[in-house]
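Report on the structure given below.
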Amino acid sequence: LGAQPTDQDPVPGLAVLRSPGGLAFCLTSEDHFAERPHPRLWPAGQRSLLDQVCIDMPADAVASETAFWAGLTGWQLRDSPESEFAALVRPAGMPLRLLLQRLGEPSGLCRAHPDLACDDIPAEVHRHQALGGTVLRATGGFTTLLDPAGLPYCVTRRNPDTGTR
């Protein structure tokens, strides 16, 4: 499918590879983590859950990266030419979803960031700010933050119980 091995020292039961767009990822034989956990209830009353991994793709990597991840997982691709996003439809019980995001960048390496589903974006964002997160951008459906190290991630309005909008 186009993955390449990395220079990483071998680890039993784990293979570290790079996607065609340069994103490092691991393959493991472990399967006991394939259960979606319950959302966490926070003191302000909102609930949240790490829900998906968003793979950020520059324009020159979109076709090869999309085909790679669809082929690797075997999951159905739900593409939207009108949107910057495409999704791979996760099977029932799979704990994380894969979202593919077309960036406005013409070229570069692919990267990834986590997304949290929550039932109250303002309360969840406030909690993250209290922990050192910084709001980068807010839209109706999600807020992009930077963690204290400057890495982006998103808080979304996806349902923390089901992972749906």
Side-chain angles (χ1 to χ4, degrees), residues 1-37 39 48-118 128 133-134 136-137 139 141-165:
L1 296 171
Q4 298 293 318
T6 65
D7 307 3
Q8 175 105 10
D9 291 333
V11 176
L14 187 71
V16 182
L17 304 166
R18 288 201 182 278
S19 71
L23 178 64
F25 67 99
C26 300
L27 293 178
T28 179
S29 58
E30 298 290 326
D31 66 358
H32 63 276
F33 297 109
E35 183 177 314
R36 187 172 171 84
S48 66
L49 172 77
L50 177 61
D51 176 58
Q52 67 188 3
V53 173
C54 182
I55 299 172
D56 303 320
M57 308 172 296
D60 68 350
V62 169
S64 62
E65 204 69 4
T66 300
F68 174 78
W69 289 104
L72 182 73
T73 61
W75 300 355
Q76 175 190 356
L77 177 66
R78 188 175 43 216
D79 196 15
S80 172
E82 298 86 38
S83 170
E84 67 193 82
F85 299 104
L88 293 170
V89 181
R90 67 179 163 198
M94 183 59 65
L96 289 175
R97 177 176 176 234
L98 283 179
L99 182 66
L100 306 169
Q101 182 175 11
R102 300 169 189 95
L103 300 175
E105 304 166 5
S107 63
L109 291 177
C110 293
R111 49 197 185 270
H113 69 264
D115 288 350
L116 288 91
C118 73
H128 290 236
T134 305
L136 185 64
R137 163 175 84 138
T139 69
F142 63 93
T143 297
T144 303
L145 296 104
L146 298 176
D147 70 14
L151 300 172
Y153 67 99
C154 295
V155 171
T156 74
R157 68 176 174 184
R158 295 175 59 76
N159 183 312
D161 293 305
T162 64
T164 59
R165 282 194 240 163

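Along the sequence shown, the residues carry numbers beginning at 1. Every heavy atom of this structure was used, including side-chain atoms; hydrogens, water molecules and symmetry mates were not.
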Distance-only donor-acceptor pairs under 3.5 Å for side chains of residues 10-27, two or more places apart:
| from | atom 1 | to | atom 2 | distance (Å) |
| --- | --- | --- | --- | --- |
| R18 | NH1 | G22 | O | 2.9 |
| S19 | OG | G21 | N | 3.4 |
| S19 | OG | L23 | N | 3.1 |
| S19 | OG | E65 | OE1 | 3.2 |
| S19 | OG | E65 | OE2 | 2.5 |

Where is the tightest heavy-atom contact between [X] and [Y], given as atom of each residue plus distance?
X    : Y    : result
P114 : Y153 : O-CB, 3.3 Å
T144 : C154 : OG1-SG, 3.5 Å
S48  : C118 : CB-CB, 3.9 Å
A86  : D79  : CB-OD1, 3.3 Å
T164 : T162 : OG1-OG1, 2.6 Å
L96  : W75  : O-CH2, 3.8 Å

Spacing of [X] atom [atom1] and [Y] atom [atom2] [to the nearest 0.5 Å]:
X    : Y    : atom1 : atom2 : result
T66  : R102 : OG1   : CZ    : 6.5 Å
C110 : E105 : SG    : CD    : 9.5 Å
T73  : M94  : OG1   : CE    : 8.5 Å
L99  : R90  : CG    : CZ    : 11.0 Å
F142 : D115 : CZ    : CG    : 8.5 Å
L88  : L100 : CG    : CG    : 5.0 Å

Among L136, V155, L116, whose side chain to side chain contact (heavy atoms under 4.5 Å, CB included) with L145 holds?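 Exactly one pass, corresponding to V155.
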For L98, which of L77, V53, V89, L72 qualifies under side chain to side chain contact (heavy atoms under 4.5 Å, CB included)?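 It is V53; the other options fail the test.
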Taking the side chain as everything from C-beta on, heavy atoms only, tell me whether [X] gets closer than 4.5 Å to [Y].
X    : Y    : value
P37  : L49  : yes
R36  : D51  : yes
R111 : L103 : yes

Please check this pair: side chain of R97 against backbone of C54, looking for a donor-acceptor N/O pair closer than 3.5 Å.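 Checked: no pair found.
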